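Since we're looking at a predicted model, the values are computed, not measured. To find a chain, count down the sequence lines: A is the first, B the second, and so on, and within it residues start at 1.
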Amino acid sequence: MTHLAEIPAWAAVLTAVLLLTGAVLTLIGTVGLLRFDSFYQRVHAPTLGSTLGIGCILLASMLFFSVLESRAIIHELLITALMVVTTPITLMLLARAALYRDRTEGSDEVPPPPSD
Amino acid sequence: MELILSLGIGVLTGSGVWLLLRPRTFQVIVGLSLLSYAVNLFIFSTGGLRTGAEPILEGGRAGNLAMHADPVPQALVLTAIVIGFATTALFLVLLLAARGLTGTDHVDGKEKSR
Amino acid sequence: MIVKLLMGTIFLTQILLVTAMAFAAFRVLRGPRAQDRVLGMDTLYVTATMLLLTFGIRTGSILYFEAALIIALLGFVSTAALAKFLMRGEVIE
Amino acid sequence: MPDALLLLIAVAFPFAGALVAGLLPTHARNAAAWLAGGVALVGLAMVWSAYPTVSAGGVVRYSAEWMPMLGLDFSLRMDGFAWLFAGLVFGVGTLVVVYARYYMAAEDPVPRFFAFLLAFMGSMTGVVLSGNLIQLAFFWELTSLFSFLLIGYWHHTAAARDGARMALTVTATGGLCLFAGVLILGHIVGSYELDAVLAAGDRIRAHPLYLPALVLILLGALTKSAQFPFHFWLPHAMAAPTPVSAYLHSATLVKAGVFLMARLWPVLAGTEAWFWIVGSAGLATLLLGAYVAIFQHDLKGLLAYSTISHLGLITLLLGLNSELAMVAAIFHVINHATFKASLFMAAGIIDHETGTRDIRRLSGLNRFMPFTARLALIAAGAMAGVPLLNGFLSKEMFFAEALSAKEPLPVFFDVLPVAAMVASAFSVAYSLRFIHGAFFGPDPVDLPKKPHEPPAWMRFPVEILVLACIVIGILPAATVGPYLDMAARAALGSATPEYSLAVWHGFNRPLLMSMIAFAAGIGLYRLLQGHLAKGIEGPPLIRAFEGRRMFERTMVFLSWRLARTAEGLVGTRRLQPQLRLVVCVAVLAAGWTVWLRGLWPGNLAPSGIDPVLALIWALGAAFALGAAWQAKFHRLAALILLGGAGLVVCVTFVWFSAPDLALTQLLVEVVTTILLLLGLRWLPKRLDVPGARGSEAVTLGRRLRDLGIAIAAGAGMAGLSFGVMTRFPPELLAQHFLELAYSEGGGTNVVNVILVDFRGFDTMGEITVLGAVALTAYALLRRFRPAPDSVDVPEQQRDQSAFDASQPDRKEGDTAAEWLFIPSLIARLLFPLILMVALFLLLRGHDLPGGGFAAGLTVAIAMILQYMFGGTQWVEARLRVLPMRWMGIGILLAAGTGLGAWIFGRPFLTSYFAYAELPVLGKIPVASALLFDIGVFALVVGATILILIALARQSLRGHRAAAPRPAEMPAVPEPVQSGPLPTAVGDD
Amino acid sequence: MRPAMSRWLPYPMMTATLLGVWLLLNESVAPGTIILGGVLSLATAATLNTLGLPGGRLRRPRAAVSLLLLVLVDIVRSNIAVAKIILRPGKGERVSGFLRIPLDLRAPYGLATLACILTATPGTVWVAYDRSRNTILLHILDLVDEQEWIDLIKGRYETRLMELFE
Amino acid sequence: MTGWMDHLTIAPIVLPMLAGAVMMLIDERQRTLKAVIGMASALALLVLAVLAMTVADQGAAGVRVYRLGDWPANFGIVLVLDRFAALMLVLTGILGVAALLFSLPRWQKAGAHFHSLFQFQLMGLNGAFLTGDLFNLFVFFEIMLAASYGLALHGSGLARVRAGLHYIAINLSASLLFLIGVSMIYGISGTLNMADLAGRVAGLAAEDRGLLEAGAAILGVAFLIKAGMWPLGFWLPNTYSTLGAASAAIVSILSKVGVYAVLRLWLLVFGDGAGASSGFGGNVLLVGGLLTIGFGSIAVLATQSMARLAGASVLVSSGTLLAAIGAGQLSVTGGALFYLSSSVLAVAGFFLVVELVERGRAVGADVLAVTREAYGEGDDEDSDDGGAGVAIPATMAILGIGFMSSALLLAGLPPLSGFLAKFAILSPLLAAGPDVPVTTWVLMAALVLSGLATVVAMTRAGIDAFWASPSDEAPRVRVAEIAPVLLLLALNVALTVQAGPAMRYMEDTARSLHAPRDYTGAVKAVARTPGTTGGTQ
Ligand code: NA
Ligand code: NA
């Protein structure tokens, strides 16, 4: 792990903070996944990880590698952008699918379809 | 590390074999998939386990095994993955065809008579 | 000192992330409904992406970026397919 | 003409004739007969022209290399003994051909008959003229084969089929035993050449393998010669056309066994084993055949059992271990051939002219066919051993031998003369029955045809043979004497005893025995006339021991019931036991080997445990076990869990420095998940109904066993992988790859350089696999037929459509459209982006993780995304992918890159790379490997899309198929299932 | 000018994005990379021609940037809020539920962006969209005051998106 | 490496690959064009194979090593052409031409992409026989199998799909075992090149030997599954009996690929030069072979369907070969090779005959007959099955001769080469020494009894097919379908008549297999010794 020694202190501390923040947020999100009672509550939980959580870690990565290689390493932005676009798709689809399934099973947790 | 990975390979193999011996085609295909994970890891592991020694040569310098991972098993695994993918796809298509023609998803194409 | 700090932090981060993966895995294993499993799986993918990134930092290699990128770009395809299967009964109509 | 060539012609000519006859048109009866007769006469001429050499005690030889390294030459050898048999084969053969010309009906495919007959003649000649034992066995089996075809000639009758099959089964079995015996003999002697074998008699008899060799060879001989207990096939062979019977059962087929025993007599005989086996088989056959013959109602049946009996006589003579008896045997071979052939022909004439061979229906034919009756009378007299006919002479010799032999067990020889007389009396009785029953008595009634004399040429062969009976009978020494002598000397060599061929030896004990036998025979016939008139089938006392029925039962039991039971016991047609065996054998094979060599630690100390990886693998194990647990009732869950396990594998690859693998694993993971999901739709619904499983205890037992196997396999793999991981080979090629990847392969990603260059040939093969699989999948899916219960549109879609229809402001499909509206928009926007990433992976794969395969899968996923959110019809209206084109071009590109090297005089797939300096762009790498990789890319795109889309399109076809099916549809009879399938429940 | 532009560069934004992605992936701005990237971007963007996209384009890029910043801030705030909810001990105090909101926004890209924003922001999930009534169904984790949420979404995002896309 | 003749070694692989790929680009409806291309390729392959045989049959100089990509042998992949490989190439070439010819009137229409799959099948087979690299062998096994899956399922239909599922499931398992075995061997020995491996086995450390042998054992299980050894070969009769004739004919060599691999690797790696490992597993082959003959004979007896009979005969022949190889004697190996050639041709011919015979019998023929497109896109409806076939004079007679000859060949009865083949195995076994081991007697008994079982079963089936049913109407058969039957028959006759020269070739082959100095020498000559540099770039 010789490369770690090449990192200046400020960057190291910043990286460490960002990493931990991201990891803690992600963990909290999954705790929600574990704790929440209903699926519709649980569906909110992973967004912690997929937004700020991964954001922090990507920032840490960008910072770390930019300092390490002494040039701007910003391709992590791509991952960020993709996360923002793709995670919602899954969650939307999943929430709607759950809604359909619950409706057909007559669950009272969900609202009926709008009808006149 | 070797211990963890070999135990992991063992569990994958055990689960795969268990499913391989089940009567439903879907179980068998899942079993084969698990087995091919196990085998891919197995092939991979024959080169020895190395952390942080990827087989990419920096700046085109000649590499050596002290610095880099053994690339041969990796290349073999890649081929094995592709072939495994192909055969899984084929097995799936076939199990669907069998299910369509026989009306059952039993591996023998007929429900076992009791 | 800095190396120790970074090593420690990375290790802690990875432990936290793997714990997060374990929680997600619990949903995958336990459900109770299919949508819960899919949700767990999606979370697992995202967390794995992060784990790969931290691994990149740990080894100082940018090569693992690709794997992370592919998860971010295409990992959702399988979860979306699962969701579609739940909603419509088949993946491609 | 050199003598050697004569032999070749004698053997080859009949086969050539057979070939020509087989090619003649079906109705060419005369041409075929002329051909067959000509061939037989040529053969006779060849044999005759060898007489000067042979009679002088010489041996004619022909030899050509065949398999020299195995000591097998094609060698023909004719001495006096062989000459005699060859003469019989061609002589009787000629007569049979003449007879057959008139016997066979015009509507039969006569050329085929003659083809078989000639081929048989050639095989028989081959047997008697073979100069080595392997070749003898070779021709031996050929005689079985062609006799099978001859017996089954009228295969439209069940009797012919059964008779032929029985004959073949028995004689071919014997032939295989003979083959084995001959091999052993060759092992003892060190050569298969007859000369060498005949010279090694003492060595053979002293060898520990003598007995097995003897038994095997005798099994061959005794089955062929229809000796007890293998006699039963012969009567059933009478279903053959009569000329066949006349030929096979007088002079040829059945004599082959006798020939062989006589041929090897100098080396095999002279021991107690020989005496007991051959002697008792002969004696039993002699008595049994004669006894049963009396009670036959079919003329040919009577002759058949008489044949058995006479062969028994010959065998008995051979078994007596006496040279004189051997001479008698040879003499009886000649005599039996003449009278039995003529009797068969006579029976055939009766059959031909009256339409029946049943003695109970025949009577008084003497008045309608007096000449034939006289001929038959004389021949039957010879068979009964009437003086002045040839049968009498050999019978007298037999009686003399029966009286004189005393070794090795006196008691046996006290019985022998009595037995000889009894058998002789029987033969008198059945001969009487033949003549009296058919030709004398009142006029026949109700015959199918009105009897009259046959055409003159049909009677001609009988006349010749009967003449021979008389001439030999009266002037034995002058006629047959020299030939018999020559044959005996050839067979026995210096051991040939003194004997005299005379009609009158004075009033001695053999003559007395003859007279007693005659009296007894006539008395017996009179006694039995009443019983025989009742027309009861089968002989008294031993009726139950019908050989054929026992044979059939044994055969059905052995070759059918037993075999099926055994197959069920040691084999299976079910998949699960087969896979279980595969796993168990593999575990045992590896385990046992390691066990034998001992368990040794490796030369590398295992590295420490990383808790992160340990945790990850804890998850991996949970996923794997979960997938195994859920795959039956919760397929979707199992699929997701499988994905989880795949993710863990991918992380592991990253952990241990294999980014390429991680990338590829991920992509494959995604595609596989979609594939399996596409398939899930067509599988039957399965519910976990508690208590619906089978017997709990049995199920539990089975599961425990499988669990044990799974644990053993898992533990085994874990152990092996630990062993291999902790070892480092002394000299690893990997070092070279790392050294040369850049300098000679032109890439920094060593894995990719290996894939497209060092081991590019593997990759080329791998894409061919993918291509072949895609073609197969496509072909299968084109004929895909969904099960009735999954034809319908999925429940979800029906629900949602129904909801849309129920709402006034919605139209069908709105729910789906609304739901997919945003994802499909984003998917379309992502399409070029994913393509871009794919191209990136493709172009820089040689230097960094990626490559054609990863890129191809990425493009395929981009396509699938459009299909998923846009729908098949929507996409196909816009994008037309021609997967087959992609695949073809991909392979051509890859192979073409390889072939390009030929132009430069290099081997296939030799790579080329250089850096080209271009203005503005700078230095860019130009590598043939990239072209190769593009080929891989194209194929992967094509193949993956072909499979995925062919699978996806089934939904469209499925809906269409819900409509009533075309009536002619089921090309395959559908088993049991009718109506909708019940929901399957747990069952393992 | 315009027709030629739309023929050769039908999706300028997209093409530019793709080029950007290419440069990011290659981590290089060498002329060779740019030229190759340019060619590939044009080629790949052209696939959109066949796939077809709904009409509409981004009108005011600058407003987009401010929206982006707004969303970023919201995401951070919601992250903290949701984290608190998750970590709050005990059960039953959460009031969460579905909320149907009528929309004025109809532009496809606007709706898509809204969906992404709402779902990506912890605490809200876009569940369904009713095209005939132009309403959306959300699930909100902390649904104390429905009207507050409606105002927030309509005021904070919808208006801006309508400015951007309509 | 400059002359065009040098490329002779790779041409049998590249040619069918190109042909298969080109035919992917051609529309399915242009069957005639595809048939022409396919046939041209098959014929060219046969010519190449014969050429290769003449090249290989030149003693030590006959071993040709082809370095793919111009890399040194232990480094890149090499192809090695020697007598054994050439023999297998010729057999493949013959079967290729025969099966393809047979398929032209009907079979090619029974499903999609028959011709491409057929070419890939040939490619896989040729590659498997030529390669000198263990992992490359795996790849070619997979090509061969992938194509055989296609051909096995060609025509679809219930029975075929049902059997195909088993076939694929078991072969996938075998492939996994193959991979495990190969990678263990690599992990222990550090090489994938077969000749290189042979050189390293003797010097292996004692503590590594067990694992290497375990790897070899697992690899062996994979091969023996393909070879159909009891108790691993139950899939074989089940699958083969449902195959279409053309597929079956070409696939009939597939089981021999397992035998090929065993013979090649076993003698190369565990031969006399293998030190402590020499002769490893020989007894397993011998005993397994004997058991296989036993089971095959039982299966032969227990069946009434001709196609299954053919499948079971494959087992018997596999068992015979394995047992003969397991005997481990040079002279016996020669006989085994002769037997291999004879039985491959015989079985292929038998499969073809069976299809033609069964065609005339409507009942029970559903499995073999071309199943019509049930419904679907309707794009292969141009078949003219209704009027297919001309009533050739004496069709029944020719079929009868074909059937009988096959029966004789498989039973090992005269006059065809089957008899000589058995003789060529048994005679050297007995001649080996004054004391004959028990196993020889058992093998002898097994061969005799299996021949007997075959006679009984074949007679039963043949009488049923040719004699029992009134054959007023001969099956409608085309010349192109009968010709390959006669071709294969003629070859067997030739093998009988020319047994001397043929056996000479087999013995030379056996000699070079048992003392693979020429093989390893030729490969080593183009290998890179460690430490030296300088490629051939
Ligand atoms: Na959200
Ligand atoms: Na190793």
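- Between atom CG of residue D:Leu183 and atom CD1 of residue D:Ile188 there is a gap of 11.0 Å, rounded to the nearest 0.5 Å.
- Among F:Phe138, F:Trp441, F:Phe114, the residue with the largest count of heavy-atom pairs under 4.5 Å with chain D is F:Trp441.
- Note: F:Phe295 and F:Phe234 meet the aromatic proximity criterion, with ring centroids under 6.0 Å apart.
- Proximity to chain F (any heavy atom under 4.5 Å) is shown, for D:Ala160, by neither the backbone nor the side chain.
- For chain D, the option among F:Ala146, F:Ala445, F:Ala152 with the highest count of heavy-atom pairs below 4.5 Å is F:Ala146.
- Interface residue D:Leu558: only backbone heavy atoms are found under 4.5 Å from chain F.
- Per-residue heavy-atom pair counts under 4.5 Å with chain D were compared for F:Ile218, F:Asn238, F:Val300, and the maximum is reached by F:Asn238.
- Checked against ring-ring contact (aromatic ring centres under 6.0 Å, His included), D:Trp886 has no partners two or more places apart in sequence or in another chain.
- The contact between F:Met503 and chain D is made by backbone and side chain atoms together, counting heavy-atom distances below 4.5 Å.
- Comparing D:Thr565, D:Leu209, D:Thr169, D:Ile754 by how many heavy-atom pairs each has under 4.5 Å with chain F, the most go to D:Leu209.
- When the candidates F:Ser297, F:Ser116, F:Ala457, F:Ala21 are compared by the number of heavy-atom contacts under 4.5 Å with chain D, F:Ala21 comes out ahead.
- When ring centroids are compared, D:Phe761 and F:Phe140 come within the 6.0 Å threshold.
- Interface summary for chain F: among D:Arg885, D:Met887, D:Met884, the most heavy-atom pairs under 4.5 angstrom belong to D:Met884.
- Proximity to chain D involves both the backbone and the side chain of F:Leu68, based on heavy atoms less than 4.5 angstrom apart.
- Taking D:Phe138 as the reference, D:Trp66, F:Phe419 meet the ring-ring contact (aromatic ring centres under 6.0 Å, His included) condition, with sequence neighbours excluded.
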Discussion item. For a side chain to side chain contact (heavy atoms under 4.5 Å, CB included) check, start with the C-alpha distance between D:Phe15 and D:Ser123, then their side-chain angles and the critical distance, and finish with the verdict.
Written reply: CA-CA 8 Å; D:Phe15 288 108; D:Ser123 317; 3.7 Å; yes
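- Heavy atoms of D:Glu65 lying under 4.5 Å from chain F are absent altogether.
- Interatomic distance, D:Glu567 CD to F:Ile298 CD1, rounded to the nearest 0.5 Å: 8.0 Å.
- The structure places OG1 of D:Thr768 at 4.5 Å from CD1 of F:Ile143, a figure rounded to the nearest 0.5 Å.
- Of the atoms belonging to F:Leu18, heavy atoms from both backbone and side chain fall under 4.5 Å from chain D.
- Contact annotation for F:Leu151: neither backbone nor side-chain heavy atoms come within less than 4.5 Å of a heavy atom of chain D.
- In this structure, the portions of D:Phe148 lying under 4.5 Å from any heavy atom of chain F include both its backbone and its side chain.
- Contact annotation for D:Leu770: neither backbone nor side-chain heavy atoms come within less than 4.5 Å of a heavy atom of chain F.
- F:Phe423 and D:Tyr192 have their aromatic ring centers within a separation under 6.0 angstrom.
- Residue with the most contacts toward chain D among F:Leu430, F:Val221, F:Val22: F:Leu430 (heavy-atom pairs, distance under 4.5 Å).
- Note that the CG atom of F:Leu413 and the CG atom of D:Leu145 stand 8.0 Å from one another [nearest 0.5 Å].
- In this structure, no portion of D:Ala901 lies under 4.5 Å from any heavy atom of chain F.
- With chain F as partner, the option from D:Leu581, D:Thr763, D:Val587 having the largest number of non-hydrogen pairs under 4.5 angstrom is D:Leu581.
- With rounding to the nearest 0.5 angstrom, the CD1 atom of F:Ile10 is 5.0 Å from the OH atom of F:Tyr66.
- Interface check for chain F: of the options D:Leu882, D:Leu720, D:Leu939, the most heavy-atom pairs under 4.5 Å are formed by D:Leu720.
- If you measure heavy-atom distances from F:Met23 to chain D, you find no contacts under 4.5 Å at all.
- In this structure, no portion of F:Leu449 lies under 4.5 Å from any heavy atom of chain D.
- In this structure, the portion of F:Thr303 lying under 4.5 Å from any heavy atom of chain D is its backbone and not its side chain.
- Only the side chain of F:Val161 has a heavy atom closer than 4.5 Å to any heavy atom of chain D.
- Between the side chain of D:Glu141 and the backbone N or O of D:Ala137 there is no donor-acceptor pair closer than 3.5 Å.
- Using a 4.5 Å cut-off between heavy atoms, D:Leu899 touches chain F through its side chain atoms alone.
- The contact between F:Ser173 and chain D is made entirely by side chain atoms (from C-beta outward), counting heavy-atom distances below 4.5 Å.
- Within the 4.5 angstrom heavy-atom criterion, only side-chain atoms of D:Leu579, from C-beta onward, approach chain F.
- Here the side chain of F:Glu213 pairs no donor or acceptor atom with the backbone of D:Val594 at under 3.5 angstrom.
- The contact between F:Val448 and chain D is made by backbone and side chain atoms together, counting heavy-atom distances below 4.5 Å.
- A donor-acceptor pair is defined here as one N or O able to donate and one able to accept, closer than 3.5 Å; such a pair exists between the side chain of F:Trp230 and the backbone of D:Val570.
- Looking at F:Leu145, there are no atoms closer than 4.5 Å to chain D (heavy atoms on both sides), in backbone or side chain.
- With D:Arg165 contributing its side chain and D:Gly152 its backbone, the two residues share no donor-acceptor pair below 3.5 Å.
- Interface summary for chain D: among F:Pro231, F:Ala222, F:Ala302, F:Ala174, the most heavy-atom pairs under 4.5 angstrom belong to F:Ala302.
- Side chains of D:Leu72 and F:Leu420 form a contact here, defined as non-hydrogen atoms less than 4.5 Å apart.
- For chain F, the nearby parts of D:Met764 are the backbone and the side chain; heavy atoms of each come within less than 4.5 Å.
- Rounding to the nearest 0.5 Å gives a distance of 6.5 Å between CZ of D:Arg727 and CD of F:Glu207.
- At a 4.5 Å heavy-atom cutoff, the contact between F:Leu177 and chain D is made by side-chain atoms alone.
- Annotation: side chain of F:Phe120 is in contact with side chain of D:Leu775 (closest heavy-atom distance under 4.5 Å).
- If you measure heavy-atom distances from F:Asn193 to chain D, you find no contacts under 4.5 Å at all.
- Neither the backbone nor the side chain of F:Leu291 has a heavy atom closer than 4.5 Å to any heavy atom of chain D.
- Both the backbone and the side chain of D:Phe737 come within less than 4.5 Å of a heavy atom of chain F.
- With contacts defined as side-chain heavy-atom distances shorter than 4.5 Å, the pair D:Ser559/F:Arg460 qualifies.
- Contact annotation for D:Arg112: neither backbone nor side-chain heavy atoms come within less than 4.5 Å of a heavy atom of chain F.
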